[in-house]
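Since the structure is predicted, the reported quantities are computational estimates derived from the model, not experimental observations. We name chains A, B, ... by the order of the sequence lines, and we start the count at 1 in each one.
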Amino acid sequence: MFLNRRLMSPELLYYKALGKRTELNFEEKRNLYNIEKGFEGECLYDQVFDETGHDSVYVLRDLYLKTGKSVTQFDSIIISDERVAVNEIENYSGDYHFENNSWFRNGRQLKDNAHNQLSRAKGKIIQLRDESKMKFYVDGAVIFMGDDFRLTTESEHVWSETVMRNQLRNYFRKFRDERLGGSAKDIVHLVKSAIAENPYFEEAADLGRIKRGLYCGECESFELIKKRFQFKCSACGTVESNETHLLRTMSDHKYLFYKQPITKQSILRLIDNQISEDGVYRFLKKHCHSEGNGRKTTYTFKYYDWLETIAEIRENQRYKDKIQ
DNA sequence: ATGGTTGTCCCATCCCAGGA
DNA sequence: TCCTGGGATGGGACAACCAT
C-alpha cells in the first residue's frame, strides 16, 4: 500500500516555474533535465509497483528523515512486519562500471554513487531501529530504471544490491509473501516520526531577471487579452479565470521564492498588476493561510502546488476555464 | 432570464514606520 | 513618547457578466 503521494520536488517546481519566465542557463537546464529524469524514473518505479501489486507491504516514498543531526533522502521505503527495504531509485543511462571499490561512468571515475547512498540510507534506518529498540531486518537495493543503462562489475556485493529495470517485477513479487500486522504499523510510525523538511533547497529567483505578468497555462504565452473575469490567450485561445491565474502565480511564487513569504504586494509585482488589488486580496484570503496584521501580513499557500488544487476547483469555479 | 461571483468604488478602522 | 501618513483590512453597495 502506498501511504503517501509522490510529488515533484521543490527543485523541480522551481526550475519549471523559472523556465516559464526566463531562459534557463546551461547549468539550470542541466539541473532541470537531471531532476526531471530522476522524477520520471521514480514515477515509472511507482507504476511498475502498482502493476505488480503492493498490498502486502506499506510503501513510503520521497522522504527526508532526520537521524541525529543529519538528514537523509529516501526514494522509497518498503515496510512489512519483520523487514524494511530501502530502495534507491536511479534513472541513469550509459555504461557504468565498478572495479577496485570505484565507480566509473563511460570510463571516468565518479565521486559519488548510488550504492554508497544506499548503505548510508540503510544505516539511518538501522540507527532508528536501534534507538527505538524495535526488531526488524533492514536490506535494500539500488533500482536502475533506465532502459539504456548497462552495469558491469564482478563484485557479488554490488550485484546483490542491484535491481535492473528488467528484474524489477521479480523484485517486487518477492514482497508478496510479507505480512502486515501491528509491528509493520509501528515501523511506519517510527519512520514517520523522523520525517524532516527538505533541507537542501535554498534557491530564490532574481526578480529582475524573470518576466513578470500572467501567462497562459496551456501554451505559456504572456500575450493575454484581459476580460472582466477571465483572460483569453491571444496565441492559443485558452480562457482562464483570474482565480486560476492567481493560483498558478501563488504556486510559482512559493517555489521561485521558497524561503520568502508571500505578500499581497509581492504577488502584485509578480503578476505586474494585471489583476486588481482587491481581487488579489480576496484570492489570497481564499487560498492561503494569513499571518500577521497590517503591513506585516504574510501568506502561505495552502496547497503543495496549484495542480493539486485546480483539478478540484475547476469543476466548481464560477468563471470556468476553457482549454483549447 | 436568473442567480451568483467578482470588479470597482467608498468608507471606517487597524497597524506600523518614521519623524517631531 | 506621541503624532501622523500610508498601507492593509474588511464591510457594504452596486454594476457587470458568466454559467446554467
Polar contact flag, side-chain donor to acceptor under 3.5 angstrom, A/Lys302-A/Thr309:
no
So, are A/Lys37 and A/Glu42 salt-bridged, with charged N and O less than 4.0 Å apart?
no
Any base atoms under 4.0 Å from A/Lys226, or only sugar-phosphate, or nothing? Heavy atoms, all strands.
nothing
Short N-O contact, A/Asp95 and A/Arg105, less than 4.0 angstrom:
no
Across the strands shown, which category fits A/Lys227 at heavy-atom distances under 4.0 angstrom: base, sugar-phosphate, nothing?
nothing
Between the main-chain N or O of A/Lys211 and the side-chain N or O of A/Arg21, is there a donor-acceptor pair closer than 3.5 Å?
yes
Do the side chain of A/Arg282 and the base of B/dG7 come within less than 3.5 angstrom through a donor-acceptor pair of N or O atoms?
yes
Please state whether the phosphate of B/dG7, meaning OP1 or OP2, lies under 4.0 angstrom from any side-chain nitrogen or oxygen of A/Asn242.
yes
Does any residue of residues 262-276 of chain A have a heavy atom under 4.0 Å from DNA chain B, and if so, which ones, in number order?
A/Ser276
Which nucleotide, B/dC9, C/dT9, B/dG4, lies nearest any side-chain atom of A/Tyr281?
C/dT9
Spell out, yes or no, whether A/Phe149 and A/Val163 are grouped together once hydrophobic residues are joined by side-chain heavy atoms under 4.5 Å, including indirect joins.
no
Heavy-atom nearest nucleotide on DNA chain C for A/Glu277 versus A/Gln230: which residue maps closer to 5'?
A/Glu277
